[in-house]
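The structure displayed is predicted, hence computed values, not measured ones. Here, residue 1 is the first one in the sequence, and each next residue gets the next number.
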Amino acid sequence: MSRYIIEKDKLIENIETVKKLAGVPVIGVVKGNGYGFGIKEFTTVLKENGIKTFAVTEVTDIPVLKEILDDEDILVMRSTCIEDEARIIAENGCIATIGSEEACRVMNSVSASLGVKTKCHLKIDTGMGRYGFMPSEISKAIACYSAENLEFTGIYTHFSSAFRNAALTKTQLTMFKDCIEQIEKAGCSSGIAHCANSPALLNVEGVAMDSVRIGSAFTGRVITKSNVGLHRLGILEAEVIDVKTVPKGYFVGYNGTYQTKEETKIAIVPIGHYDGFGLTKEKELVDLRYSLSIFKNYLKKKQMYVKINGRMYHVIGGIGLSHTAVNITGSDVKVGDTATVDISPLMINPRIERVYK
């Protein structure tokens with residue numbers, strides 16, 4: 001049975017590194033099943049190491065977090081006009097995101113019906129093109145502060161290219177600060193301002209503001225040229241479940257795409273596409289680009305590997321849904337030995353057990 005292993009001590013080191021680098025309070029982003037680390041386990045470790053505010057995008061994550069959090073805040077980073085979603089946010093005392101006039105109207109109405117005053121963060125769209133008021137709509141944003149059943153405690157934006165375009169990121173930051181200035185001039189308190197995600201914190205100076213939103217940096221899997229000493233975490237492992245020897249000229253895998261060139265010793269590892277092995281973000285798109293990527297990989301003879309007993313072995317016959325064949329010719333690999341593969345946690349099936357060691 002496969003499981004995803006996270007080294008807890010190194011995760012804690014990553015947390016401390018991020019906190020020191022930020023210099024301001026850190027919002028722990030635990031969307032996407034805790035960036036693939038398991039939302040309950042990941043959140044618990046962050047909480048134990050001083051994180052006081054957590055952020056998600058799906059309202060279905062709220063009950064999960066409420067089970068393990070005490071007085072910590074939950075920010076829902078989704079400006080929603082869906083009444084049922086707004087109700088879940090308000091009922092659970094979470095911080096709502098307000099990014100449009102309609103979202104403001106719905107949240108205010110729901111809050112009034114519940115007899116509560118919902119805390120909110122205003123969202124400014126400085127170039128991401130998703131949720132938020134554009135700078136040209138700042139008058140509409142300011143009007144939201146008069147909603148009787150909403151209490152605005154923060155404001156934020158999201159950088160679109162902090163992992164590769166520092167100039168654009170700084171432009172977005174300038175636009176964001178200008179919006180805050182206009183809100184303050186109108187006599188409204190914008191509250192805590194935050195804009196930096198993991199790539200921004202690691203790649204662009206001066207973006208921390210009052211708080212930062214961090215998710216991928218904790219895992220050590222973030223696009224950055226800076227060397228701040230983050231540990232790359234997460235490894236999928238399982239035991240070798242069978243070993244067999246096949247003759248020269250034997251076909252292995254679907255469609256006979258691999259033929260042995262000599263007598264070959266094979267280890268069968270119960271890891272496959274269902275677990276996330278061999279999947280990439282590109283493979284989620286079934287289009288011409290995917291077809292071209294397959295062709296390019298074929299021309300380059302791109303090889304996949306599995307590590308067993310500290311040594312890398314070639315995958316042969318392609319990767320199956322739940323099994324992979326590995327060429328272990330000339331080795332002493334045996335049934336029960338541990339096989340590991342390095343896979344992004346975002347590609348790991350949520351059903352796979354997350355084990356913190």
Within this structure, what is the CZ-OG1 distance for the pair Phe163 and Thr224, rounded to the nearest 0.5 Å? 12.0 Å
State plainly whether the residues Glu181 and Lys185 are in salt-bridge range, i.e. N to O under 4.0 Å. yes
Nearest 0.5 Å, what's the OG1-CD1 distance between Thr329 and Ile316? 7.0 Å
Cationic N near anionic O, under 4.0 Å, Arg78 to Glu85: yes
Any donor-acceptor N/O pair, Asp210 side chain to Ile192 backbone, under 3.5 Å: no
Return yes if some donor-acceptor pair links the side-chain N/O of Thr324 with the main-chain N/O of Ile271 below 3.5 Å, else return no. yes
N-O pairing of Lys10 and Glu13 below 4.0 Å: no
I want to know whether Tyr305 and His314 have ring centres closer than 6.0 Å. yes
Main chain of Val64, side chain of Asp61: is a donor-acceptor contact present, judged purely on distance under 3.5 Å? no
If only side-chain N and O atoms count, and only distance matters, is there a donor-acceptor pair under 3.5 Å linking Glu7 with His231? no
Can you check whether Cys104's main-chain N or O pairs, donor with acceptor, with Asn108's side chain at less than 3.5 Å? no
Are more than 12 heavy atoms, taken from residues, nucleotides or ligands other than Asp9, located less than 6.0 Å from that residue's CG atom? yes
Give the intermediate values and the outcome of side chain to side chain donor-acceptor pair (under 3.5 Å) for residues Thr97 and Tyr156. CA-CA 9 Å; Thr97 289; Tyr156 72 102; 2.7 Å; yes
State, with a plain yes or no, whether a side-chain heavy atom of Leu150 is found less than 4.5 Å away from one of Cys144. no
Closer than 4.0 angstrom, basic N to acidic O: yes or no for Lys52 and Asp71? no
Counting only heavy atoms not in Glu102, do more than 12 fall under 6.0 Å of its CD? yes
Could you check whether any side-chain heavy atom of Val18 comes within less than 4.5 Å of a side-chain heavy atom of Leu230, counting everything from C-beta outward? yes
Look up atom CD1 in Ile51 and atom CD1 in Ile15, then write down how far apart they are to the nearest 0.5 Å. 6.5 Å
Is the count of non-hydrogen atoms from other residues, nucleotides or ligands lying under 6.0 Å from Met1 atom CE greater than 12? no
Charged N-O contact under 4.0 Å between Asp84 and Arg87: no
Strictly distance-based, threshold 3.5 Å: is any side-chain N or O of Asn92 a donor or acceptor partner for the main-chain N or O of Cys94? no
Hydrophobic cluster membership, Tyr274 vs Tyr4, 4.5 Å side-chain cutoff: no
Using 0.5 Å steps for rounding, measure from the CD1 atom of Ile39 to the CZ atom of Arg354. 11.5 Å
If you group Ile, Leu, Val, Met, Phe, Trp and Tyr by side-chain heavy-atom gaps below 4.5 Å, do Leu346 and Ile5 land in one group? no
Check whether Ile27 and Val204 end up in the same hydrophobic cluster, where Ile, Leu, Val, Met, Phe, Trp and Tyr are linked by side-chain heavy atoms less than 4.5 Å apart. no
Report yes or no: do Glu72 and Thr53 form a side-chain donor-acceptor pair below 3.5 Å? no
Is Tyr250 atom OH crowded by more than 12 heavy atoms from other residues, nucleotides or ligands, each under 6.0 Å away? no
Pairwise side-chain contact, His158 with Tyr131, heavy-atom cut-off 4.5 Å (strictly under): no
Please work out which of the three classes, parallel, tilted or perpendicular, describes the rings of Phe42 and Phe37, given edges at 30° and 60°. perpendicular
Can Ile68 be reached from Val56 by stepping across I, L, V, M, F, W or Y side chains whose heavy atoms are under 4.5 Å apart? yes
Can you tell me if Lys265 uses its side chain to pair, donor with acceptor, with the backbone of Ser331 under 3.5 Å? yes
Please answer: with hydrophobic residues joined when any side-chain heavy atoms are less than 4.5 Å apart, are Phe152 and Val110 in the same cluster? no
Determine, for Lys8 against Glu48, whether the closest basic-nitrogen to carboxylate-oxygen distance falls under 4.0 angstrom. yes
Under the side chain to side chain donor-acceptor pair (under 3.5 Å) rule, what do Ser160 and Gln172 come out as? Steps first, then yes or no, please. CA-CA 9 Å; Ser160 59; Gln172 286 187 261; 3.3 Å; yes
If the threshold is 4.0 Å, N to carboxylate O, is there a salt bridge linking Lys117 and Glu148? no
Does Thr264 use its side chain to pair, donor to acceptor, with the backbone of Glu262 at less than 3.5 Å? yes
If you measure from CD on Glu41 to CG on Leu11, what distance do you get to the nearest 0.5 Å? 11.5 Å
Please evaluate residues Glu205 and Lys170 with respect to the criterion salt bridge (charged side-chain N to carboxylate O under 4.0 Å, His left out), reporting the C-alpha separation (whole Å), side-chain torsions for both, the decisive distance (0.1 Å), and the verdict. CA-CA 9 Å; Glu205 294 183 358; Lys170 289 180 179 179; over 6 Å; no
Over 12 foreign heavy atoms within 6.0 Å of NZ, Lys307: no
For Met134, does the CE atom have more than 12 heavy-atom neighbours from other residues, nucleotides or ligands under 6.0 Å away? no
Between Ser190 and Glu184: side-chain donor-acceptor atoms closer than 3.5 Å: yes
So, applying side chain to side chain contact (heavy atoms under 4.5 Å, CB included) with Tyr313, which one of Val269, Ile266, Val333 is it? Val333
Separation of Thr171 OG1 from Asn165 CG (nearest 0.5 Å): 8.0 Å
Does the side chain to side chain donor-acceptor pair (under 3.5 Å) test come out yes or no for Glu237 and Thr340, once each step is laid out? CA-CA 4 Å; Glu237 70 172 30; Thr340 63; over 6 Å; no
Worked check of side chain to side chain contact (heavy atoms under 4.5 Å, CB included) between Leu201 and Leu21: CA-CA 8 Å; Leu201 179 64; Leu21 183 64; 4.0 Å; yes
Criterion side chain to side chain contact (heavy atoms under 4.5 Å, CB included) on Glu151 and Thr118, from CA distance to verdict: CA-CA 6 Å; Glu151 179 186 357; Thr118 301; over 6 Å; no
For Leu75 and His194: C-alpha separation, side-chain torsions, deciding distance, then whether side chain to side chain contact (heavy atoms under 4.5 Å, CB included) applies. CA-CA 12 Å; Leu75 168 64; His194 50 101; 3.9 Å; yes
Using a strict threshold of under 4.0 Å (side-chain N to carboxylate O), is an ion pair present between Arg232 and Asp342? yes
Residues Met107, Ile98; criterion side chain to side chain contact (heavy atoms under 4.5 Å, CB included); working and verdict: CA-CA 8 Å; Met107 187 59 70; Ile98 301 299; 4.0 Å; yes
Taking the side chain from Arg164 and the backbone from Ala162, do they hold a donor-acceptor pair closer than 3.5 Å? no
Verify whether one side chain among Asp275 and Asn349 offers a donor that lies under 3.5 Å from an acceptor in the other. no
Main-chain N/O of Glu263 paired to Thr260 side chain as donor or acceptor, under 3.5 Å: no
Could you check whether any side-chain N or O of Asn255 sits under 3.5 Å from a backbone N or O of Thr257, counting only pairs where one atom can act as donor and the other as acceptor? no
Out of the candidates Asn49, Thr17, Leu46, only one should pair with Ile12 under the side chain to side chain contact (heavy atoms under 4.5 Å, CB included) rule; please name it. Asn49
